[in-house]
Amino acid sequence: MSGGDEPRSYYVGMDVGTGSVRAALVDQRGTLLAFADQPINQWEPQFNHHEQSSEDIWAACCVVSKKVVQGVNLHQIRGLGFDATCSLVVLDKQFRPLPVNREGDSHRNIIMWLDHRAVSQVHRINQTKHSVLQYVGGVMSVEMQAPKLLWLKENLRETCWDKAGHFFDLPDFLSWKATGVTARSLCSLVCKWTYSAEKGWDDSFWKMVGLEDLVTDNYSKIGNQVLPPGASLGSGLTPEAAKDLGLPPGIAVAASLIDAHAGGLGVIGADVKGHGLACEGQPVTSRLAVICGTSSCHMGISKNPIFVPGVWGPYFSAMVPGFWLNEGGQSVTGKLIDHMVQGHAAFPELQAKAKARRQSVYAYLNSHLDLIKKAQPVGFLTVDLHVWPDFHGNRSPLADLTLKGMVTGLKLSQDLDDLAILYLATVQAIAFGTRLIIEAMESAGHSISTLFLCGGLSKNPLFVQMHADITGMPVVLSQEVESVLVGAAVLGACASGDFASVQEAMAKMSRVGKVVFPRHEDKRYYDKKYQVFLKLVEHQKEYAAIMKGD
């Protein structure tokens with residue numbers, strides 16, 4: 001496995017996504033040497049309630065960790081980094097799981113990031129117009145932690161709230177499990193909990209929203225020791241966790257990141273020399289990292305704070321130390337594409353044909369689109385089919401939970417061609433949503449020239465090309481497609497002391513794989529479709545106003 005004369009150092013990156021735990025063994029050049037994944041359970045006891053189990057997730061971490069280090073000299077493993085979804089983990093004072101459900105099932109002790117149970121709570125929080133809200137684009141999302149905490153207090157007072165000793169963001173739970181250190185990562189607290197890197201917690205906010213009990217004991221339940229991502233925690237991996245994970249005790253464990261931020265870290269620092277990109281001579285602030293999986297996150301950084309309405313942040317040092325982060329997002333992207341495709345009448349036929357060709361359904365759809373486009377560019381197949389993608393509300397830049405999905409241009413036929421074109425229109429709608437976010441960021445003061453894509457959807461060439469064509473910007477893909485895992489490994493490398501800073505580790509461990517340029521000759525067509533895209537939401541609001549009227 002070793003190459004060159006220098007002894008190889010290895011780092012383990014671990015990523016807890018929505019549906020699985022993934023781990024990778026990565027070397028100091030950012031090369032992925034081993035990969036493993038393990039599914040994790042999800043429960044949906046009622047609509048918009050999504051739950052997981054911290055014990056189940058830790059057990060999956062142990063499985064994948066042991067797999068990726070098989071046959072490796074353990075003395076060469078220098079560090080461990082975690083990233084995870086920003087789900088809420090609830091434990092009692094003895095660190096045992098507490099139920100986040102009315103059934104009293106304490107095994108299910110995590111409210112997932114995409115859980116929308118706290119709609120009434122977030123509405124009341126936003127009505128306070130408290131100054132901390134200006135750091136989340138002016139409007140807090142139902143996916144953040146304060147509304148979920150308030151929901152627990154109001155709905156599960158006796159079974160959960162009164163017994164709780166620790167509320168962890170999932171990435172911080174994992175680093176605690178590995179080290180016994182309850183310190184939180186600046187990333188989680190700043191992005192999801194209203195913590196300020198400069199001022200700390202704001203007592204007046206928690207009191208104003210009815211969560212004054214968290215202020216007592218110096219915020220011990222939600223974190224009063226805060227470290228920047230990549231900082232080394234305590235004495236490293238505890239003997240107990242080392243045994244669980246199959247790793248050497250005492251290796252460095254890093255303060256964690258949210259999964260999307262790890263993806264940003266894994267791609268945004270790559271050396272782009274020789275690729276003919278505008279961002280080559282520009283600062284890293286001209287790059288936008290788009291992490292696209294179940295949902296999508298748009299990470300832009302700046303030297304000075306930029307306030308973008310409807311876009312989260314600015315968050316200081318939440319992804320790259322010393323830079324302010326703005327985070328746009330789309331609540332469902334990969335999940336929306338699945339929803340549209342799997343719900344179509346022709347889906348069973350598609351499944352059978354893809355299986356016969358030993359292809360994924362999306363690879364099959366992409367080749368089917370190439371077949372039916374004839375002489376025209378593939379994107380032109382949707383000239384009279386338009387989609388507004390907010391089937392789960394709008395996160396950015398409209399920050400409107402009440403928005404719904406829209407499709408216009410439906411016909412009576414339901415064959416495979418119709419399914420393929422609906423799939424294409426959905427992918428385009430997601431790319432138009434990205435364009436809308438970029439425009440909001442640029443009008444507030446960002447200057448973006450290049451997109452850096454990673455995550456599951458970045459493996460889909462149609463998705464990538466549509467993002468290039470619709471934004472008019474080149475898209476850079478990493479040499480390692482698993483950029484989120486590289487980002488987690490960067491944290492471990494940083495904690496080990498092998499690199500002087502996160503920036504140095506980031507630059508040495510991320511590399512450009514492929515650049516996809518926009519087809520500028522199609523610009524006029526996409527500009528027209530974008531006008532329709534904006535009309536769709538305008539009309540939706542008009543319809544709502546008509547229905548609300550007397």
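We number each residue from 1, following the sequence as shown. Treat the numbers as computed from the prediction; the structure is a model and nothing was measured. Only this structure's heavy atoms are used, side chains among them; waters, hydrogens and symmetry mates stay out.
By the 4.0 Å N-to-carboxylate-O rule, R435 lies too far from E442 to be salt-bridged with it. The existence of a salt bridge linking K459 and E482 is confirmed by a sub-4.0 Å separation between a basic side-chain nitrogen and an acidic carboxylate oxygen. Look at R117 and E51 and you find a salt bridge, because one of the NZ, NE, NH1 or NH2 atoms lies within 4.0 Å of a carboxylate O, short of that distance.
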TODO: Begin from the C-alpha positions of E143 and K192 and carry the test salt bridge (Lys or Arg N to Asp or Glu O under 4.0 Å) through to its verdict.
DONE: CA-CA 8 Å; E143 293 173 7; K192 304 296 168 190; over 6 Å; no
TODO: Start with the C-alpha gap between D105 and R108, add the side-chain angles, then the distance that decides, and say whether salt bridge (Lys or Arg N to Asp or Glu O under 4.0 Å) holds.
DONE: CA-CA 6 Å; D105 179 356; R108 287 156 33 208; 3.4 Å; yes
Open item on the list: Would K153 and D213 count as a salt bridge (Lys or Arg N to Asp or Glu O under 4.0 Å) here? Give the steps.
Closed with: CA-CA 10 Å; K153 181 176 178 177; D213 18 2; 3.1 Å; yes
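For D169 (side chain) and D172 (main-chain N/O), no donor-acceptor pair under 3.5 Å exists by modelled atom type. Using a distance-only test at 3.5 Å, with no hydrogens or angles considered, a donor-acceptor pair links the side chain of Q42 to the main chain of T18. Formation of a donor-acceptor pair under 3.5 Å by the Y526 side chain with backbone atoms of I470 is not found in this model. A donor-acceptor pair under 3.5 Å links the side-chain atoms of N326 to the main chain of I306, judged by distance alone. For S317 (side chain) and G322 (main-chain N/O), a donor-acceptor pair under 3.5 Å exists by modelled atom type. Formation of a donor-acceptor pair under 3.5 Å by the S65 side chain with backbone atoms of L245 is found in this model. Looking at D56, its side chain does come within 3.5 Å of a backbone N or O of N41 through a donor-acceptor pair. Not a single donor-acceptor pair under 3.5 Å links the side chain of K177 to the backbone N or O of E55.
In terms of the side chain to side chain contact (heavy atoms under 4.5 Å, CB included) criterion, residue partners of S510 (sequence neighbours excluded) are, by chain and number, A270. For D162, the side chain to side chain contact (heavy atoms under 4.5 Å, CB included) criterion is met by R157, not counting sequence neighbours. With sequence neighbours excluded, the residues satisfying side chain to side chain contact (heavy atoms under 4.5 Å, CB included) with S286 are C279, Q282, S449. In this structure, the side chain to side chain contact (heavy atoms under 4.5 Å, CB included) partners of F323, at least two apart in sequence or on a different chain, are V284, T285, I301, K303, V320, Q503.
For H298 and T434, the side-chain atoms include at least one donor-acceptor pair closer than 3.5 Å. A side-chain donor from one of S120 and R124 sits under 3.5 Å from a side-chain acceptor of the other.
Separating the CZ atom in R395 from the CG atom in D400 is a distance of 14.5 Å, to the nearest 0.5 Å. The structure places CG of N460 at 10.0 Å from CE of M466, a figure rounded to the nearest 0.5 Å.
Looking only at side-chain heavy atoms (C-beta outward), L98 and T159 stay at 4.5 Å or farther from each other. By the 4.5 Å heavy-atom criterion applied to side chains, P229 and L491 are counted as neighbours. Put simply, the side chain of Q330 does not reach to within 4.5 Å of the side chain of L336, judged on heavy atoms.
Residue pairs meeting the side-chain hydrogen bond (donor to acceptor under 3.5 Å, both in side chains) criterion with at least one member in residues 214-226, sequence neighbours excluded: D203-Y219.
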Can you list, pair by pair, the side-chain donor-acceptor contacts under 3.5 Å of residues 259-269, counting residues two or more places apart and other chains?
from	atom 1	to	atom 2	distance (Å)
H261	NE2	E327	OE1	3.1

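Heavy-atom contacts from other residues, nucleotides or ligands closer than 6.0 Å to NE2 of H123 number 12 or fewer.
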